[in-house]
Amino acid sequence: MKYHRINLIYFSATLTTRETGRRIAAGMQAALGTDGPAPEIVEYDITPGNAQAGEVMPATGEIALLAMPVYAGRIPAPAALRLTCFRGAGTPAVVACVYGNRAFDDALLELADTARKTGFRPVAAGAFVARHSIFPQVAAGRPDSRDLKAAREFGYRSAALLQGAHDPATLPTPAVPGNHPYKTPGPIPLHPRANRRCNACGACARQCPVGAIDPADPRRTDKTRCISCARCISICPQHARRFRGLLYRIARAKFVKAHSTPQEPRTFLAE
Ligand SMILES: Cc1cc2nc3c(=O)[nH]c(=O)nc-3n(C[C@H](O)[C@H](O)[C@H](O)COP(=O)(O)O)c2cc1C
């Protein structure tokens, strides 16, 4: 089967999911370009609150690559919702989650299930590690060169599998770890706060995926909306925003102690 387009759909607050997804896409492109023109990669960033409306992706000639971070063992709720704006028509899909070295729990299963429910056919799934966006001491420096090599190889193998299949619809579905019903995510009582360096430029308010920061006064965050994704921290030009306070420091010490043993990428292919 020939493919001319890879559609990379991602949610990525602090860009590690985007980086991993792009590397998977590059591996897919390399595999599909071995005997003919390499397919184009088209990106759909569903992180911003005003993310563009979705598309219907045809069953032939295109592959969807869905890349999501893991939040509390699930895919982020706003991302799950925005993902449903995209529809497949039996379109083959590769699904990947990126997690901060604790566990991916039910996130990869939820992503594969969501893909199926919206008309895609997942043929490969992978879980990759990146620095923890709330506790960046955990998995610091990841994805590193080994992670990115594993991501590219996963993309290559997934695409080679599809390319080699006479009819991709006959490929078996990979067994993805996780449980039904999915974990119920508990509240995360940690929210970034600005210090005096904040000059109220409003970049954080414009880029917040859920509109939790007041554009008129960016020092004010609506905690009921905030998903603790840390995007505001990573994009603040003044480096004014951080997780702060005693509760955060206690949680960080416990978390670092419990989850610092490096985890490795895991892949599941319908071979
Ligand atoms: C609200 C929240 C919950 C998270 N929950 C988990 C988790 O359950 N397991 C884990 O290993 N990492 C967890 N992480 C870490 C992220 O999955 C990880 O840092 C990921 O690389 C973030 O992707 P991004 O850089 O694309 O935003 C969580 C991060 C956030 C912000």
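Please read all numbers here as calculations on a predicted model, not as lab measurements. Counting convention: from 1, in listed order, for ligands and their atoms alike. Numbers for residues simply follow the sequence, beginning at 1.
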Peer 1: Is there any N or O on Gly100 that sits under 3.5 Å from an N or O of ligand 1?
Peer 2: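 Yes.
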Peer 1: Which bit of Ala13 is near ligand 1, meaning a heavy atom under 4.0 Å away: side chain, backbone, both or neither?
Peer 2: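 The answer is both.
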Peer 1: Going by distance only, is there an N or O of Arg102 that falls short of 3.5 Å from an N or O of ligand 1?
Peer 2: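 Yes, since at least one N or O of Arg102 sits under 3.5 Å from an N or O of ligand 1.
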Peer 1: I need the atoms of ligand 1 closer than 4.0 Å to a non-hydrogen atom of Thr17, numbered in the order shown.
Peer 2: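 The atoms of ligand 1 under 4.0 Å from a heavy atom of Thr17 are 23 (O), 24 (P), 25 (O), 26 (O).
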Peer 1: Is the shortest distance from a heavy atom of Ala230 to ligand 1 less than 4.0 Å?
Peer 2: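 No, Ala230 has no heavy atom closer than 4.0 Å to ligand 1.
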Peer 1: Just do the salt bridge (Lys or Arg N to Asp or Glu O under 4.0 Å) check on Arg157 and Glu153 with the steps written out, would you?
Peer 2: CA-CA 6 Å; Arg157 281 172 53 219; Glu153 276 171 13; over 6 Å; no
Peer 1: In terms of atom number and element, which parts of ligand 1 are under 4.0 angstrom from non-hydrogen atoms of Ser228?
Peer 2: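 This gives 31 (C) as the contact atoms.
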Peer 1: Is the closest N or O pair between Ile134 and ligand 1 shorter than 3.5 Å?
Peer 2: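 Not met; the criterion fails.
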Peer 1: Between ligand 1 and Tyr99, is the shortest N or O to N or O distance under 3.5 Å?
Peer 2: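 No, since none of the N or O atoms of Tyr99 sits under 3.5 Å from an N or O of ligand 1.
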Peer 1: Could you tell me whether some N/O pair between Arg18 and ligand 1 is separated by less than 3.5 angstrom?
Peer 2: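 So ligand 1 has no N or O lying under 3.5 Å from an N or O of Arg18.
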Peer 1: If you measure only the distance, is there a donor-acceptor pair under 3.5 Å linking the side chains of Ser12 and Arg22?
Peer 2: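 No donor-acceptor contact under 3.5 Å links the two side chains.
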Peer 1: Hey, looking at atom 4 (C) of ligand 1, which of Ile188, Val70, Ile75 has the closest heavy atom?
Peer 2: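 Heavy atom nearest to atom 4 (C) of ligand 1 belongs to Val70.
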Peer 1: What part of His259 sits under 4.0 Å from ligand 1 if we count only heavy atoms: the side chain, the backbone, both or neither?
Peer 2: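 It is neither; nothing of His259 touches ligand 1.
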Peer 1: Judged by atom type as modelled, is there a donor-acceptor pair below 3.5 Å linking the side chain of Arg241 to the main-chain atoms of Cys236?
Peer 2: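 Not confirmed, Arg241 side chain does not pair with Cys236 backbone.
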Peer 1: Based purely on interatomic distance, does Pro69 place a nitrogen or oxygen under 3.5 Å from a nitrogen or oxygen of ligand 1?
Peer 2: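 The answer is no, given that Pro69 and ligand 1 share no N or O pair closer than 3.5 Å.
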Peer 1: Would you call the rings of Tyr248 and Phe135 parallel, tilted or perpendicular, where under 30° means parallel and over 60° means perpendicular?
Peer 2: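 It falls in the parallel class, under 30°.
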Peer 1: Salt bridge or not between Asp45 and Arg82? Use side-chain N to carboxylate O under 4.0 Å.
Peer 2: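 Between Arg82 and Asp45 there is no salt bridge, as every charged N stays at least 4.0 Å from the carboxylate O atoms.
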Peer 1: I need the contact type for Ile227 against ligand 1. Using non-hydrogen atoms and a strict under-4.0 Å cut-off, is it side chain, backbone, both or neither?
Peer 2: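 The part of Ile227 near ligand 1 is the backbone, not the side chain.
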Peer 1: If you measure every N/O of Ala130 against every N/O of ligand 1, is any gap under 3.5 Å?
Peer 2: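 No: no nitrogen or oxygen of Ala130 is under 3.5 Å from one in ligand 1.
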Peer 1: Counting heavy atoms only, which of Tyr71, Phe104, Phe255, Phe128 is nearest atom 2 (C) of ligand 1?
Peer 2: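 Result: the heavy atom closest to atom 2 (C) of ligand 1 is in Tyr71.
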Peer 1: Looking only at protein heavy atoms, which one is nearest to atom 9 (N) of ligand 1, and what is the separation?
Peer 2: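 Checked against all protein heavy atoms, atom 9 (N) of ligand 1 sits closest to Ala103 O, 2.9 Å.
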Peer 1: Check each of Asn101, Thr14, Val129 against atom 25 (O) of ligand 1 and report the one with the nearest heavy atom.
Peer 2: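 It is Thr14 whose heavy atom sits nearest to atom 25 (O) of ligand 1.
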Peer 1: If we ignore angles and hydrogens, is there a donor and acceptor under 3.5 Å between the side chains of Asn7 and Glu55?
Peer 2: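 There is no such pair (donor and acceptor under 3.5 Å, judged by atom type) between the side chains of Asn7 and Glu55.
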Peer 1: Would you say the side-chain atoms of Asn101 pair up with the backbone N or O of His259, donor to acceptor, closer than 3.5 Å?
Peer 2: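 Such a contact is found between Asn101 side chain and His259 backbone.
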Peer 1: Side chain or backbone of Cys229 under 4.0 Å from ligand 1, or both, or neither, by non-hydrogen atoms?
Peer 2: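 Near ligand 1, Cys229 shows its backbone, while the atoms from C-beta on stay back.
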Peer 1: List every atom of ligand 1 that sits less than 4.0 Å from any heavy atom of Gly73, numbering the atoms from 1 in the order shown and giving each element.
Peer 2: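 Heavy-atom distances to Gly73 below 4.0 Å select 7 (C), 8 (O).
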Peer 1: Within the structure, does His132 bring an N/O atom to less than 3.5 angstrom of an N/O atom in ligand 1?
Peer 2: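 Yes: some nitrogen or oxygen of His132 is under 3.5 Å from one in ligand 1.
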